[in-house]
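Have a look at the structure below, then the notes.
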Amino acid sequence: MRKIIIIGASSGIGMRIATDFARLGWRVGIAARRVDRLKTVKDLYPANVEYAEIDVTAADAVERFLNLIETIDGMDILLYAAGCGWSNPELDLTDDLQTIGVNVTGMTRIVNAAYKYYRDTANVSRGRIAVITSIAGTKGIGPCAAYSASKRYQWTYLQALDQLAHQQHVNVGLTDIRPGFIDTALLKGRSDKLPMVMSIDYAAPRIERAILRGDRIATIDSRWAVVTGLWRLVPNCIWRHIGLDF
C-alpha cells in the first residue's frame with residue numbers, strides 16, 4: 001500500500017486530495033491545526049487515514065510530522081498544501097508575518113524534514129515532495145507583497161532542493177504545483193470578482209495527476225500557463241503601472 005502525507009488537509013484542496021487518495025486505497029496521513037476537520041476525513045475512511053495536529057509555525061512541527069510518518073509506516077509522497085495570504089495594500093504587519101510564517105518558515109520546516117527523511121532512508125522507490133505554491137510567484141504583486149514573495153521563495157527552494165538531490169544522489173523528486181485561482185476559503189468569497197476561477201472539482205484531479213506523473217513544475221491550468229508566460233515578458237517599467245489585486 002502506497003503512503004501519502006498531506007499537510008494542510010483540514011479544508012479546501014488539501015482535504016479534497018486526501019479523500020481522493022484514501023478512496024483509491026492509499027494509506028493517508030493528514031495534518032493541520034483544526035483537528036475536528038481532520039476527524040471527518042478519518043471517519044470517511046477509518047482504515048486508510050490517520051491524522052495529527054500540526055501547526056507548521058510551531059517549534060514542534062517537525063517532531064509531530066516525523067511521528068505521523070511513523071504512524072502510517074512510511075511516506076512515498078509529501079504534499080504541502082498549507083498556505084495563507086491576503087490582499088494587504090495597507091501592509092498590515094501581522095498579516096504579512098503570518099503569511100511568511102506559514103508559506104516560508106512552515107514550508108521550510110516540513111519540506112526540509114521530508115528531504116532529510118528521503119536522504120536518510122534507504123527507499124527503493126523514488127520519494128516525492130510536492131508543494132502547492134501559486135502563479136503569484138511569477139511577479140511581485142503590489143497588494144499581495146508578502147504572498148507573492150513567499151510563493152517565489154517556495155519556487156526557488158524547491159528548485160534548489162531538486163539540484164541538491166541530484167548532487168547528493170537522494171532518491172526524491174520535487175514537484176512545484178502552481179495553481180491559478182481556486183474557489184476555496186482563501187479567496188474569502190471574492191471568486192465572482194476574479195478571472196478564470198477554478199472549482200476544486202476541476203483543479204484537484206489535475207494536481208493529483210501532476211504529482212503522480214512526477215512533474216517538476218505544473219501550472220494549473222493551461223490558461224494560467226499562458227497568462228503567466230505573458231507576465232514574464234512584461235518589463236518592470238510597465239509592470240509597475242498594472243493594477244492587480246488578488
- Query: Would you call R33 and E53 a salt bridge, taking side-chain N to carboxylate O under 4.0 Å as the test?
  - Reply: no

- Residues D96 and Y147: side-chain donor-acceptor under 3.5 angstrom: no

- NZ or CZ of R119 within 45° of Y117 ring axis and under 6.0 Å: no

- Query: Does K3 use its side chain to pair, donor to acceptor, with the backbone of M1 at less than 3.5 Å?
  - Reply: yes

- Please determine if D36 and R34 form a salt bridge, counting it only when a charged side-chain N lies under 4.0 Å from a carboxylate O. no

- Query: Under the side-chain contact (heavy atoms from CB on, under 4.5 Å) criterion, do D176 and R178 qualify, and how do the steps go?
  - Reply: CA-CA 6 Å; D176 180 347; R178 302 176 180 178; 3.0 Å; yes

- So does D120 pair up with K116, basic N to acidic O under 4.0 Å? no

- Side-chain donor-acceptor contact under 3.5 Å, R109 with T57: no

- Message: Donor-acceptor check, side chain of D215 to backbone of I217, threshold 3.5 angstrom: yes or no?
- Response: no

- Query: Stepwise, does the salt bridge (Lys or Arg N to Asp or Glu O under 4.0 Å) test hold for D162 with R216?
  - Reply: CA-CA 9 Å; D162 185 52; R216 172 64 192 87; 3.6 Å; yes

- Query: Is any NZ, NE, NH1 or NH2 atom of the basic residue among D201 and R16 found under 4.0 Å from an Asp or Glu carboxylate oxygen of the other?
  - Reply: yes

- Would you please test E208 and I17 for side-chain contact (heavy atoms from CB on, under 4.5 Å) and show each step? CA-CA 7 Å; E208 292 159 5; I17 291 174; 3.5 Å; yes

- Item | Pair W155, T133: side-chain N/O donor-acceptor within cut-off below 3.5 Å | yes

- Item | Heavy-atom donor-acceptor pair, N236 side chain to W239 backbone, under 3.5 Å | no

- Item | CA sep, side-chain torsions, deciding dist, call: F21, L79, side-chain contact (heavy atoms from CB on, under 4.5 Å) | CA-CA 12 Å; F21 275 90; L79 173 60; over 6 Å; no

- Query: Side chains of I207 and I220: closer than 4.5 Å at any heavy-atom pair?
  - Reply: yes

- Item | T40 side chain vs R37 backbone, donor-acceptor pair below 3.5 Å | yes

- Item | N/O donor-acceptor pair under 3.5 Å between Q154 side chain and N103 backbone | yes

- Message: Check whether W224 reaches the backbone of M196 with its side chain - one donor and one acceptor, N or O, closer than 3.5 Å.
- Response: yes

- Is there a donor-acceptor pair closer than 3.5 Å between any side-chain N or O of D183 and the backbone N or O of M198? no

- Item | NZ/NE/NH1/NH2 to OD/OE distance under 4.0 Å, D76 and R128 | no

- Item | Nearest heavy-atom neighbours spanning I132 and A81 | CD1-CB, 3.9 Å

- Item | Derivation of the side-chain contact (heavy atoms from CB on, under 4.5 Å) call for V56 and Y80 | CA-CA 10 Å; V56 298; Y80 189 89; 3.4 Å; yes

- Task: Spell out, as yes or no, whether a donor-acceptor pair under 3.5 Å connects the side chain of Y51 to the backbone of A32.
- Result: no

- Query: Is the closest basic N to carboxylate O distance between D20 and R23 below 4.0 Å?
  - Reply: yes

- Query: Between the side chain of R152 and the main-chain N/O of S148, is any donor-acceptor distance below 3.5 Å?
  - Reply: no

- Connected via hydrophobic side-chain network under 4.5 Å: V226 and I177: no

- Message: Ignoring hydrogens and geometry beyond distance, is a side-chain donor-acceptor pair present between Y153 and T108 at under 3.5 Å?
- Response: yes

